[in-house]
Amino acid sequence: MNYDTVIFDLGGVLIDWNPEYLYRKMFTDEAEMKQFLQEVCHGAWNKEQDRGRPFAEAVEERTAAYPQYVAEIQAYHSRWAEMLGGAIEENVAVLEDLRQKPNISLYAITNWSAETFPIAQRDYPFLQYFEDTVVSGELRIVKPDARIYQTLLDRQPSIVPEQAIFIDDVAENITGAEALGITGIHLTPDTNLREELKKLSVL
């Protein structure tokens, strides 16, 4: 197969994001911090912001339920930028190399709040490399819903799914893309992205 399109997820692929970076500054007890992130501001709660729920609404709901953690819950929004751990340099280097290839088109599909995505755009210039970026919070649809991948295909009719590769660190998101005929690369801690793309004759 001659691949001409590479679609990137962002968080966990190109950008290191982890709430623990912030909350290690706010909690002195590691176990309490872990419990807070599992029971109060947990992944499913955050995913609703990725789905378009306003942070103000999310924070109000959580602080009403957990008044003992008002400051910590509010910080999830007001200090969100402190959850960013920087660029994942080895994968950004791959992106830079792909950008030099005239036969490869670059796109992104990300589960990300529409409110916080502009912070990432400000801090990470390589986010401007993509011809189009589909942001879940703007659509109010999150991966692995087929509609989020289809949105990119609809907006960019030149993309042939069978000639596209999608890179994500979440297995179910890869499955969602593959259902539309897109080849997936599931990025785990043991995955060498450059080598995987070499196997597909993209690099």
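Computation of the quantities below employed the complete heavy-atom set of this structure, encompassing side-chain atoms and omitting hydrogens, waters and symmetry-equivalent molecules. As the structure is a prediction and not an experimental result, all values here were calculated from the model.
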Item checked: For H77, all residues meeting ring pair (Phe, Tyr, Trp, His ring centres under 6.0 Å), sequence neighbours excluded -> F55

Next item on the list: Return yes when atom CD of E57 has more than 12 non-hydrogen atoms of other residues, nucleotides or ligands closer than 6.0 Å, and no otherwise.
Entry: yes

Check: Under a single-linkage definition using a 4.5 Å side-chain heavy-atom cutoff for Ile, Leu, Val, Met, Phe, Trp and Tyr, are Y124 and L187 assigned to the same hydrophobic cluster?
Finding: yes

Check: Quick check, are the ring centers of F8 and F166 under 6.0 angstrom apart?
Finding: no

Notebook entry, point to check: Any side-chain heavy atom of L153 sitting closer than 4.5 Å to one from P161?
Noted result: yes

Check: Using 30° and 60° as the class limits, which term best fits the ring planes of Y76 and W17: parallel, tilted or perpendicular?
Finding: perpendicular

Notebook entry, point to check: Less than 4.5 Å apart, any side-chain heavy atom of K101 and any of L203?
Noted result: yes

Note to self: Quick check: do V134 and L139 have side-chain heavy atoms less than 4.5 Å from each other?
What the structure shows: yes

Next item on the list: Could you check L200 against E196 for side-chain contact (heavy atoms from CB on, under 4.5 Å), going step by step and ending with a plain yes or no?
Entry: CA-CA 7 Å; L200 297 170; E196 293 301 314; 5.9 Å; no

Notebook entry, point to check: Looking at F27, W45, Y66, which one forms a ring-ring contact (aromatic ring centres under 6.0 Å, His included) with F36?
Noted result: F27

Check: Measuring from E72:CD to M26:CE, what's the distance to the nearest 0.5 Å?
Finding: 5.0 Å

Note to self: Applying the salt bridge (charged side-chain N to carboxylate O under 4.0 Å, His left out) criterion to R24, which one of E82, E32, E30 satisfies it?
What the structure shows: E30

Notebook entry, point to check: Are V202 and Y107 connected in the hydrophobic side-chain network, where two residues link if heavy atoms are under 4.5 Å apart?
Noted result: no

Item checked: Under 3.5 Å: donor-acceptor pair, side chain of D4, backbone of N103 -> no

Notebook entry, point to check: Looking at CD1 of I7 and CD1 of I167, how far apart are the two atoms once the value is rounded to the nearest 0.5 Å?
Noted result: 9.0 Å

Donor-acceptor contacts, no H, no angles, side chain residues 171-179, under 3.5 Å, sequence neighbours left out:
from : atom 1 : to   : atom 2 : distance (Å)
N173 : ND2    : D168 : OD1    : 3.4
N173 : ND2    : D168 : OD2    : 3.4
T175 : OG1    : A171 : O      : 3.3

Check: Is D154 close to L152 at the side-chain level, that is, under 4.5 Å between some pair of heavy atoms?
Finding: no

Next item on the list: Output every pair passing salt bridge (Lys or Arg N to Asp or Glu O under 4.0 Å) with a member in residues 107-121, not counting sequence neighbours, ordered by first then second residue.
Entry: none

Notebook entry, point to check: If only atom types and distance count, is the side chain of R79 paired as donor or acceptor with the main-chain N or O of L22 below 3.5 Å?
Noted result: no

Check: When hydrophobic residues are tied together by side-chain contacts of less than 4.5 Å, even through go-betweens, does L84 share a cluster with L10?
Finding: yes

Note to self: Could you measure the distance from the CG atom of D132 to the OG atom of S105? Nearest 0.5 Å is fine.
What the structure shows: 11.5 Å

Next item on the list: Determine, step by step, whether K143 and D50 satisfy the salt bridge (Lys or Arg N to Asp or Glu O under 4.0 Å) criterion, reporting the C-alpha distance in whole Å, the side-chain angles of both residues, the deciding distance to 0.1 Å, and the verdict.
Entry: CA-CA 10 Å; K143 292 176 290 183; D50 290 349; over 6 Å; no

Next item on the list: Please round to the nearest 0.5 Å and tell me the distance separating atom CD1 of I88 and atom CG of L193.
Entry: 10.5 Å

Check: Considering only heavy atoms from C-beta outward, does the side chain of L106 approach that of E131 to under 4.5 Å?
Finding: no

Note to self: Can you confirm whether T183 sits close enough to Y3 that some side-chain heavy atom of one is under 4.5 Å from a side-chain heavy atom of the other?
What the structure shows: yes

Next item on the list: Please assess R194 against E90 for the test salt bridge (Lys or Arg N to Asp or Glu O under 4.0 Å), listing each intermediate value before the final yes or no.
Entry: CA-CA 9 Å; R194 183 177 297 278; E90 62 270 26; over 6 Å; no

Margin query: As an exercise, state the distance from CG of N111 to CG of D9, rounded to the nearest 0.5 Å.
Written below: 7.5 Å

Notebook entry, point to check: I165, Y149: one ILVMFWY side-chain cluster at the under-4.5 Å cut-off?
Noted result: no

Notebook entry, point to check: Can you hop from L127 to Y129 via hydrophobic side chains spaced under 4.5 Å?
Noted result: yes

Next item on the list: State, with a plain yes or no, whether a side-chain heavy atom of I148 is found less than 4.5 Å away from one of I109.
Entry: yes

Note to self: I need the D97 CG to L197 CG distance, nearest 0.5 Å.
What the structure shows: 10.0 Å

Check: Counting distance only, does the side-chain N/O of R140 pair as donor-acceptor with the main-chain N or O of G52 below 3.5 Å?
Finding: yes

Margin query: Any non-hydrogen side-chain atom of T5 less than 4.5 Å from a side-chain atom of I104?
Written below: no

